[in-house]
2 protein chains.
Amino acid sequence: MDRRQKKTRAAIFTAFSSLLAEKSYGRITVQDIIDAADVGRTTFYAHFETKDDLLRELCKELFGHIISSAMDCTHTHGLYSDGRAPESVFCHLLQHLEENDNNILGLLSCESSDIFLRYFKDSLNELIRTQFVGRDKSASPAVPQYFLVNHISGSFVEMVLWWIKGGRKQTPQELDRYFRAVIEPVL
Amino acid sequence: MDRRQKKTRAAIFTAFSSLLAEKSYGRITVQDIIDAADVGRTTFYAHFETKDDLLRELCKELFGHIISSAMDCTHTHGLYSDGRAPESVFCHLLQHLEENDNNILGLLSCESSDIFLRYFKDSLNELIRTQFVGRDKSASPAVPQYFLVNHISGSFVEMVLWWIKGGRKQTPQELDRYFRAVIEPVL
DNA sequence: TTAATAGCAAACATTTTGTTCTGTTTTATT
DNA sequence: AATAAAACAGAACAAAATGTTTGCTATTAA
């Protein structure tokens, strides 16, 4: 890919993210985006079919990073802390969020956060499902495993949303403690 | 309010709900709505300021019903089954959903379900918070109560979404069992 | 260096929005 | 039953947004 293409693509992503901080997704027009990114109209449509397409691509990029990083984490530490490792994957994820490399927090706290939350949960769901296969087979026979997987990923994203909307008063470690307090008894 | 007003308002709601089953919220135009509802353009704008306004009003109406019904339920039964009452509020809510009086299930399973899910969670959150005040003060000192409230409402809506997307294979009673299995240990 | 590619700007047809107008139908009241 | 008030329909409208096309320039990779 051309250097310019990457640069333009990045410029559009950045402009789009900034706009999401001030307006809802629905109120952002393509004109807003190309003005903010300072690219031509033709260029925008050369990169993305529609505004929705741009949204999808942005999500792919952002959550792709954070989840694959968490994947690596589970390979070395396991899904949960095992006594040796000090923190769970969830703490890792929260810390990653707090660092906010790519303004994920901005997207999750904007007016249209729902959209991103779904993408986030989908990614997370896959992470948890793959890590769960073959684990804890005997535990919690009252609840099917596929229910549990959704419960965990669902609770997590809802917690993150709650955290952000509340102004991020808790540290990732604190949140991790809470989360494990409500999840581990079930496992 | 005029008889006609109610009728027209209902017609618009119905048309809007039907449209949501086939198109995403973003792709539905006001023209679509007034065609489907068979009302004039002027009439639509006399009832609702914008399409977003229509959405808000619809949510208010739908979730208002289901939550106030649940409120009554908690007055007689308590938030959870207490041994005498056979089912929790959550089961009551699920049964209410399954009956699907006002096509809430349709809205929660449509392409734009996120929007409705947020409204649903907000309503639910209030229900749980009001019922929680002064209860279980000694329980779970590891986790603040305001965290718990969000955890419960969040888990619930995520479960409902999972239930619907999976084709509603479980009965409300079954789901209620699962849900209590993952929530009650924490209380 | 040069051919290919990426970009810009302007113009465009089309769609959607929200408003305004005129005239008709329905409702509530007497 | 007559009447005034309201709610409605339909059409026409300006303004805004979308997505495409055209002609031209700048950059890159070879």
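Proteins get letters first, then strands, A, B, ... in listed order; numbering begins at 1 in each.
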> Which parts of nucleotides 12-21 of chain C does protein reach within less than 4.0 Å, heavy atoms only, written one letter per nucleotide 5' to 3' as B for base, S for sugar-phosphate only and - for none?
Replying inline: ----SBBBBB
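- The interatomic distance linking A:Lys23 (NZ) with D:dA16 (P) rounds to 13 Å, in whole Å.
- Whole-Å rounding puts the A:Arg3 CZ to D:dA26 P distance at 18 Å.
- The CZ atom of B:Phe48 sits 11 Å away from the P atom of D:dC8 (whole-angstrom rounding).
- With rounding to whole Å, B:Lys7 atom NZ is found 9 Å from C:dT26 atom P.
- Checking side-chain atoms of A:Asn100 against main-chain N and O of A:Leu105 turns up a donor-acceptor pair under 3.5 Å.
- Checked against a 6.0 Å centroid threshold, the rings of B:Phe90 and B:Tyr178 do not count as neighbours.
- Among C:dA6, D:dA29, D:dA7, the nucleotide with an atom closest to any side-chain atom of A:Arg4 is C:dA6.
- With rounding to whole Å, A:Gln5 atom CD is found 15 Å from D:dA26 atom C1'.
- By the 4.0 Å N-to-carboxylate-O rule, A:Asp2 lies too far from A:Lys6 to be salt-bridged with it.
- The distance from atom NZ of A:Lys6 to atom C1' of D:dA29 is 14 Å, rounded to the nearest whole Å.
- Residue B:Asp32 forms a side chain to side chain donor-acceptor pair (under 3.5 Å) with just one option from B:Lys23, B:Arg27, B:Lys51, and that option is B:Lys23.
- Checked against side-chain hydrogen bond (donor to acceptor under 3.5 Å, both in side chains), B:Tyr25 has the following partners two or more places apart in sequence or in another chain: B:Asp52.
- The side chain to side chain donor-acceptor pair (under 3.5 Å) analysis of residues 158-169 of chain A, with sequence neighbours excluded, yields the pairs A:Glu158-B:Arg118, A:Glu158-B:Lys121.
- Two residues are said to be in side-chain contact when any heavy atoms from C-beta on lie closer than 4.5 Å; A:Ser17 and A:Leu107 meet this criterion.
- Distance OH (A:Tyr25) to P (D:dA17): 15 Å, rounded to an integer number of Å.
- Using a 4.0 Å cut-off, some side-chain N or O of A:His47 falls inside it from OP1 or OP2 of C:dG7.
- Look at CD1 on A:Ile34: it is 10 Å from C1' on C:dA9, rounded to the nearest Å.
- Contact annotation: B:Thr43 does not reach the phosphate of D:dA7 (side-chain N/O to OP1 or OP2, under 4.0 Å).
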